[in-house]
Amino acid sequence: MVVEPVVVAVWAMLPAYVPNNAAVLVGGGRPIDGGRALPDGNRLFGDGKTWRGTAAGTAAGVLLALLLTAVRPAAVEATGVDVPAFPLAAAVGLAFGAMLGDVVASFLKRRTGRERGAAFPGFDQYDFVAGALGLTAVVATEWFLATFALPVLLAVLVLTPLLHVSTNAGAYALGLKDEPW
Ligand code: CTP
Ligand code: MG
């Protein structure tokens, strides 16, 4: 069945999907780079990467993982799919990793001369996935290997850009975000 890996993929990645959206809602204040630029004349990360957004995004992702873990028995019962619980290391790896991937992408955006908010095709859709999966593979290796079997990983890679495009278009339409990407 193709449905099962899709359900596991969405469930397992929810704590990585939410941080960026929470950062959009709560972000602002002091930028992580403190306004500093590199010798290329461009900012290290830019004003779009703030301490408050990063902290709030990470907290939102971790809290969601704890919530999903609490409701997991009911979810398994309702769907018949063996969705995973989230150990704390996995929760932090997914949430903080997503934020980290986004910050790294902004670093690369600035190095390639892109202004804050400029589109960066590929990176905009996958930066947080790469960060979340990468950090989780390191800090929660066993959980990562048990959860992201190949079909689940493929489902993540196919579904993420679709979910990303639709949530960002929604946030843009609601006036929460300045650009639709
Ligand atoms: N945000 C934040 N801290 C983060 C990530 C996001 O405060 N670590 C907030 C900022 O207010 C940011 C908004 O969420 O403007 C949208 O995030 P994003 O699109 O990632 O940033 P951009 O402003 O587009 O900047 P960049 O070009 O660096 O991606
Ligand atoms: Mg942006």
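Counting starts at 1 for both ligands and their atoms, following the listed order.
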*ring pair (Phe, Tyr, Trp, His ring centres under 6.0 Å) evaluation trace for Trp181 with Tyr172*: CA-CA 8 Å; Trp181 49 79; Tyr172 175 72; 8.2 Å; no

Atoms of ligand 1 under 4.0 Å from any heavy atom of Ser106, numbered from 1 in the order shown, are 26 (P), 28 (O), 29 (O)

Near Gly27 (heavy-atom distance under 4.0 Å), the atoms of ligand 1 are 7 (O)

message: Whether the side chain of Lys49 engages the backbone of Gly53 through a donor-acceptor N/O pair (distance < 3.5 Å, no angle test) should be reported.
response: no

Quick one: does any side-chain atom of Arg111 pair with a main-chain N or O of Leu44 as donor and acceptor, under 3.5 Å? yes

In terms of its nearest heavy atom to atom 6 (C) of ligand 1, the top option of Ala22, Gly29, Gly48 is Gly48

Candidates Arg116, Lys49, Arg30; heavy atom nearest atom 21 (O) of ligand 1 found on Lys49

Near Gly28 (heavy-atom distance under 4.0 Å), the atoms of ligand 1 are 7 (O)

*Leu38 side chain reached by Asn42 side chain, heavy atoms, under 4.5 Å*: no

Here the atoms of ligand 1 under 4.0 Å from any heavy atom belonging to Lys177 are 19 (O)

So the atoms of ligand 1 within less than 4.0 Å of a heavy atom of Lys109 turn out to be 26 (P), 27 (O), 29 (O)

The reported gap from OG1 in Thr54 to CG in Asn20 (rounded to nearest 0.5 angstrom) is 9.5 Å

For Gly53, the atoms of ligand 1 under 4.0 Å from one of its heavy atoms are 2 (C), 3 (N), 7 (O)

Check: of Asp127, Thr50, Leu25, min heavy-atom distance to atom 3 (N) of ligand 1 comes from Thr50

Restricting to heavy atoms, the pick from Val24, Thr54, Asn21 nearest atom 16 (C) of ligand 1 would be Val24

Hey, is Gly46 one of the residues with a heavy atom under 4.0 angstrom from ligand 1?
no

- Exam field: side chain Tyr126 to backbone Leu157, donor-acceptor pair closer than 3.5 Å: yes

Item to complete: Say whether Arg110 and ligand 1 are in contact under the criterion: heavy-atom distance to a ligand atom below 4.0 Å.
Response: yes

Within the 4.0 Å heavy-atom cut-off, what Asp102 brings close to ligand 1 is side chain

Original post:
Are any of the heavy atoms in Arg114 under 4.0 Å away from ligand 1?
Top reply: no

Would you find a donor on one side and an acceptor on the other, under 3.5 Å apart, between the side chain of Trp143 and the backbone of Ala85?
yes

By salt bridge (Lys or Arg N to Asp or Glu O under 4.0 Å), Arg43 pairs with (sequence neighbours left out) Asp33, Asp47

Checking heavy atoms under 4.0 Å, the part of Arg52 that sits near ligand 1 is neither

Looking at Ala23, Gly57, Gly117, the heavy atom closest to atom 9 (C) of ligand 1 belongs to Ala23

Self-check item: Polar side chain donor-acceptor pair, Arg114 to Thr112, under 3.5 angstrom
Solution: yes

dist Thr147:OG1 -> Leu94:CG (nearest 0.5 Å) comes out at 8.5 Å

